[in-house]
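Shown next, in structure tokens, is the structure this report addresses.
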There are 2 protein chains.
Amino acid sequence: MVKISDVAHHAGVSPSTVSYVLSGKRSISDQTRRRVMDSIRALGYRPHAGARALASNRSNVIALVVPLRSGIHVPIVMQMVIAAVTTARTYDHDVLLLTQDEGVGGLERVAGSSLVDAIIVMDVELHDLRLPVLRSLERPSVLIGFPADPTGLTCIDWDFEAAGAACAEYLADLGHREIALIGAPPAVYERGTGFAERTKAGFQRAAAERGVDAVVRPCDPDNARAAADDLLRDHPGLTGIAVHNEPAVEPLLTAFRASGRHIPDDLSLVAIAPDDLAERLDLTSISIPAEELGRQAVVRLMEKLDGHQPPGATLLPSRLVVRSSTPAT
Amino acid sequence: MVKISDVAHHAGVSPSTVSYVLSGKRSISDQTRRRVMDSIRALGYRPHAGARALASNRSNVIALVVPLRSGIHVPIVMQMVIAAVTTARTYDHDVLLLTQDEGVGGLERVAGSSLVDAIIVMDVELHDLRLPVLRSLERPSVLIGFPADPTGLTCIDWDFEAAGAACAEYLADLGHREIALIGAPPAVYERGTGFAERTKAGFQRAAAERGVDAVVRPCDPDNARAAADDLLRDHPGLTGIAVHNEPAVEPLLTAFRASGRHIPDDLSLVAIAPDDLAERLDLTSISIPAEELGRQAVVRLMEKLDGHQPPGATLLPSRLVVRSSTPAT
DNA sequence: CAGGGGCGTGGGAGCGCTCCCAGATTCCGG
DNA sequence: CCGGAATCTGGGAGCGCTCCCACGCCCCTG
């Protein structure tokens, strides 16, 4: 293995100079820098990560905790993971993958052993057990999702409140007077994941502001048919629908069709869903920028590693894309 | 930070003894071991990963290279990743995530800097550019997928040949005399990913052995309708279908229904697809054991790290699960 | 009772790097 | 011509751990 002293010898400088050339932590004459770089290339030198971590107290690795729960749209998670890895690389960092099931112990392990410099936790719940640990850890962290009490934490998420409001406003603008939000399965509300509640709140608030009638109904994908039938029966005047439940979208479309409603002629439908799904089904949608979230989480984390204090809370805006499930205006 | 000498002092032993208690590399009296463990707990000691890696020349981290290409079923990839992480943890290892787009340089980087002890590469292609690097690396690796020339490499994959054959045999056993395999999009065959060809080969071989007529047709999910119509038109006697193309499964079902064929009465259909898809659509399927593959890849890698030489090639069997898309026997 | 083999433990060099503390050289103004 | 600032480089301690080399003790055998 080529070590820093080999490079130093080859270039006719001291090991410390090689180190400084690599880190840029002090000025080096152009000539010396060039000689050192040439030697590095010639010998194929790669700094030993462990030695570096030991001496500098920085591993240049961040941990990423991915969710395991079902009910999560896997491609979205994957997009965020990929974006996080890619972004971390631009900061010369690598990503260590942890799974939810290691729980609190996993966080303590990788942080305590200095395996990682910082942590990103995906899919944070309202009363997440990991919150106290993250707060007490000596290492910076960024949460994706909002807990009930984000004090002392850096959180980032989509702005579901705004997304819900945008749906209601858009439907109201189209002239609908009775609108509905078909939401997550009941279990999601019960678990208090937060995002479901926030979408609902935004939807209801905006509807009230526009003076349109709004109903909200949870929906299990397996019972999409029943949900659709119930809604149409109980609210005959219903003409605008928002759906915030990816796996239920297709069954719902089938159910509406089966009940004789045509989209967009009889019913306007806007989905809060990832672009790939909305594109495939050609639905007007509020797009969920997954890569952006993964990217931003890393950016925030790097800010913290640099000693800056980023805002405690960031809400990423989403945008409405009009497709064929609502009438052209 | 608590260091090993703190623990040693607290327990009244030498640092080396603490190290040996932790590593188990030499026998320690029960009494000493207990005292040391108590001190470790009392002080909350965690060995510094970097120092460990430096002194032992082992980082206890493995790299996992995930594919980025589209056309890959994301949930399958995620299942494998999760399984790999979980399994690695049972061997006291962590997983560093790399993306395909770092290419050959990424492998050299993490291996050369001793960041990782070993590498798993997913989605290996027939003439993968990374093969020579993996062969020359001083670190063990396991490939998921089979290249054209696996010499000197450890490869593991599903047995697509057997899966294709199983489809043909099963359909033949049901009494079908004309059967078809609807395969991957044409692009996949052209890229030479291997698995598509192997499924086809197995299907055709088994069909020939049973003396039934077999046709194979690539299929783009966007043109599923055309594929179905073509097949039914050109082969009026066709009654048995195998599908090896996840995203095309649903469109194909729709297309067959639209053409007036009822499954399973007019048409038997068996899908080579992940269980979740097959369960959802209630299809007879050859299941693709994704977690098993991720798990086995890690097991193989650990064998290599332990100095054992596992078999160069492993093909994981898959099993046929009968559901409602074929007649009950 | 001497000698040898097990068993349990300590000491400490060394892993490859970073970064503090100086030292050498050059350049400028007075 | 000299003092001091500015610029560049070297030396080397120390990061926390592992593992080689000993050493001390006890028990068994001849």
Side-chain angles (χ1 to χ4, degrees), chain A residues 1-37 39-40 43-61 92 109-117 138 305, chain B residues 1-37 39-40 43-61 92 109-117 138 305:
Chain A
M1 145 165 239
V2 183
K3 54 182 84 165
I4 200 170
S5 57
D6 298 332
V7 175
H9 193 253
H10 186 271
V13 298
S14 75
S16 57
T17 298
V18 177
S19 175
Y20 285 117
V21 165
L22 253 17
S23 71
K25 292 196 180 176
R26 77 179 178 193
S27 60
I28 298 282
S29 71
D30 259 17
Q31 198 202 6
T32 303
R33 184 200 322 286
R34 215 183 329 273
R35 270 221 316 287
V36 169
M37 292 308 288
S39 298
I40 287 176
L43 301 180
Y45 168 69
R46 306 241 178 217
H48 188 287
R52 218 169 212 194
L54 178 57
S56 68
N57 207 24
R58 284 289 230 107
S59 67
N60 273 32
V61 175
D92 196 29
R109 184 174 61 81
V110 296
S113 64
S114 298
L115 222 194
V116 306
D117 296 332
E138 69 287 17
L305 280 174
Chain B
M1 145 164 242
V2 183
K3 55 182 83 163
I4 199 170
S5 57
D6 297 331
V7 176
H9 193 254
H10 186 272
V13 299
S14 76
S16 56
T17 298
V18 177
S19 174
Y20 285 119
V21 166
L22 251 18
S23 71
K25 293 197 179 175
R26 78 178 178 193
S27 60
I28 299 281
S29 70
D30 259 17
Q31 198 202 8
T32 303
R33 186 200 321 286
R34 215 181 329 271
R35 271 221 315 288
V36 169
M37 292 308 287
S39 296
I40 287 176
L43 301 179
Y45 168 68
R46 308 242 177 217
H48 187 288
R52 221 171 207 192
L54 178 57
S56 69
N57 208 24
R58 284 288 230 110
S59 67
N60 272 33
V61 175
D92 196 29
R109 183 174 61 82
V110 297
S113 63
S114 299
L115 222 194
V116 305
D117 296 333
E138 70 286 18
L305 278 175

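These numbers come from the heavy atoms of this one structure, side chains and all, not from hydrogens, waters or symmetry mates. Note that this is a predicted model, so its numbers are computed, not measured.
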What integer distance in Å separates A/R34:CZ from D/dC8:C1'? 16 Å

Answer yes or no: does a side-chain N or O of B/S29 lie under 4.0 Å from OP1 or OP2 of C/dT9? yes

Atom-pair distance (NE2 on B/H48; P on C/dG16), nearest Å: 17 Å

Rounding to an integer number of Å, can you tell me how far B/K25 NZ sits from C/dT9 P? 18 Å

Applying salt bridge (charged side-chain N to carboxylate O under 4.0 Å, His left out), name anything that partners B/R109, two or more places apart in sequence or on another chain. A/D94, B/E102

Taken to the nearest whole Å, CZ/B/R52 to P/C/dC17 is 21 Å

Please report the distance, rounded to the nearest Å, between CG in B/N57 and P in D/dC20. 13 Å

In whole angstrom, give the distance that lies between atom CG of B/N60 and atom P of D/dT18. 10 Å

Nearest non-hydrogen partners of A/S14 and A/A8, listed with the distance: C-CB, 3.5 Å

Whole angstrom is fine here: how far is it from CD in A/Q31 over to P in C/dT25? 15 Å

Heavy-atom pair of closest approach, residues B/A53 and A/G50: CB-CA, 4.2 Å

Would you find a donor on one side and an acceptor on the other, under 3.5 Å apart, between the side chain of B/S113 and the backbone of A/A49? no

Kindly say if B/S27 contacts the phosphate of C/dC7, meaning a side-chain N or O under 4.0 Å from OP1 or OP2. no

Is the backbone N or O of B/D92 less than 3.5 Å from a side-chain atom of B/N60, with the two atoms forming a donor-acceptor pair by type? yes

Taking CG from A/L22 and P from C/dC17, how many angstroms apart are they, rounded to a whole number? 9 Å

Contact pattern, 5' to 3', of nucleotides 10-15 of chain D - B, S or - by protein heavy atom under 4.0 Å: BBB-BB

B/R26 meets the salt bridge (charged side-chain N to carboxylate O under 4.0 Å, His left out) criterion, sequence neighbours left out, with none

